[in-house]
Enquirer: 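After the structure tokens below, expect a handful of questions from me.
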Amino acid sequence: MNTAPFPQLQVFLAVARLRSFSGAARELGVSTAAVSQSVRQLEGQLRVVLLTRTTRSVSLTDAGRRLVEGAGPAMGQALTALAEVSAQPGEAVGRVRLSVPRAAVPYLITPVVPAFRERHPRVEVEVVVEERFVDIVAEGYDAGVRLSEAIERDMVQVRLTDAFRFVVVGSPDYLARRGTPQRPEDLLNHECITFRMRTTGALYAWELERGRRNWRVPVRGGVVTNDSHLTVPLVEQGLGLAYVFEPMVTEQLRTGRLLRVLEAYAPTVPGFFLYYPSRAQRSTPLRLFVEVARELALKAI
């Protein structure tokens with residue numbers, strides 16, 4: 001095959017990563033029509049449909065997904081190599097693109113990114129904060145952050161936090177009015193601030209454990225949110241109980257603004273980890289970012 005498709009490939013990868021023709025156009029500095037034409041040209045040369053388009057969304061076909069998985073990392077390395085040609089000896093250039101859940105931001109963004117940018121000012125860091133599970137390879141990310149149990153086994157993992165507990169908390173005012181639950185089943189009779197999963201739209205059932213026994217309690221309440229950080233100020237105001245990871249409410253627990261309940265049933269998880277595919281270690285910007293994350297993230301708690 002000749003080299004003609006490569007400019008169109010770069011455009012396609014931008015559309016696939018952003019799931020948007022207009023977003024790719026803004027990033028590349030061209031018109032949306034030019035982006036659409038490039039993708040059509042690539043599809044014509046390959047004789048396959050790469051993207052499914054509707055008026056509201058853009059999604060990858062199976063062929064498009066395979067092309068992203070095969071060509072995306074290589075294109076990123078090629079662009080990084082081109083940027084490195086203009087760098088001074090020993091100077092890193094390029095970009096690191098990360099998918100991070102909001103709850104992990106204090107352990108990655110706050111301590112790591114400023115220090116990383118100070119040491120490597122020509123490496124751009126793009127942080128996409130989102131709660132959904134992301135296929136970081138298919139969507140063009142260099143790395144992601146998740147709880148350890150949610151990471152695919154073939155990924156390299158770098159610890160960002162120590163293990164922590166998920167706890168049920170309430171305000172002193174709420175507990176004085178409604179009483180303190182003694183067993184997981186008691187939560188069904190309480191007002192609970194519930195979390196709607198962004199990926200499935202389902203309400204999250206609170207997971208509790210004691211010894212070898214586990215509970216998934218389908219709690220309900222008058223407030224539903226898809227932002228875990230919104231629950232903390234609401235529970236402080238006495239609107240109900242909340243299920244949060246303990247480091248998120250350290251200060252509120254210390255000052256007594258919130259109290260733990262059902263503490264004997266609080267489950268422990270291994271913590272947040274930075275993860276990436278093993279082949280991505282060839283990327284100098286990512287390797288340097290991992291070095292700074294290893295050094296600084298655990299100190300943030």
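Numbering of residues begins at 1 and proceeds along the displayed sequence. Every value quoted in this text rests on a predicted model; they were computed, and no experiment measured them.
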Enquirer: Could you tell me how the ring of Tyr243 sits relative to the ring of Phe166: parallel (under 30°), tilted (30 to 60°) or perpendicular (over 60°)?
Expert: parallel
Enquirer: Identify the two heavy atoms, one from Ala163 and one from Thr268, that lie closest to each other, and give their separation to 0.1 Å.
Expert: CB-CG2, 4.1 Å
Enquirer: If I take atom OG from residue Ser148 and atom CZ from residue Arg159, how far apart are they, to the nearest 0.5 angstrom?
Expert: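 Nearest 0.5 Å value for the OG-CZ distance: 7.5 Å.
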Enquirer: Do the side chains of Glu209 and Arg165 get close enough for a salt bridge, i.e. N-O under 4.0 angstrom?
Expert: no
Enquirer: Keeping to residues at least two apart or across chains, list the ring-ring contact (aromatic ring centres under 6.0 Å, His included) pairs with something in residues 207-235.
Expert: Trp215-Tyr265
Enquirer: Any idea which heavy atoms bring Pro184 and Leu208 closest together, and the distance?
Expert: CB-CD1, 3.8 Å
Enquirer: Return yes if some donor-acceptor pair links the side-chain N/O of Thr52 with the main-chain N/O of Leu60 below 3.5 Å, else return no.
Expert: no
Enquirer: Would you tell me whether Ser171 and Gln237 have side-chain atoms, one donor and one acceptor, within less than 3.5 Å of each other?
Expert: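 No, Gln237 and Ser171 have no side-chain donor paired with an acceptor closer than 3.5 Å.
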Enquirer: So that I can tick it off, tell me whether Arg119 and Glu291 are bridged by a salt bridge, with the cut-off set at under 4.0 angstrom between side-chain N and carboxylate O.
Expert: no
Enquirer: Can you name the residues that form a side chain to side chain contact (heavy atoms under 4.5 Å, CB included) with Thr180, not counting sequence neighbours?
Expert: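 Thr180 satisfies side chain to side chain contact (heavy atoms under 4.5 Å, CB included) with Leu175, Gln182, Val261 only.
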Enquirer: Does the pair Glu251/Arg254 count as a salt bridge with the N-to-O cut at 4.0 Å?
Expert: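 A salt bridge links Glu251 with Arg254.
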Enquirer: With a 6.0 Å cut-off (strictly less than), is the heavy-atom count around CD of Glu118, excluding the residue itself, greater than 12?
Expert: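 Not buried by this count: 12 neighbours or fewer within 6.0 Å.
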Enquirer: Is it true that Arg19 and Glu130 have a side-chain N and a carboxylate O under 4.0 angstrom from each other?
Expert: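 No, no charged N to carboxylate O under 4.0 Å.
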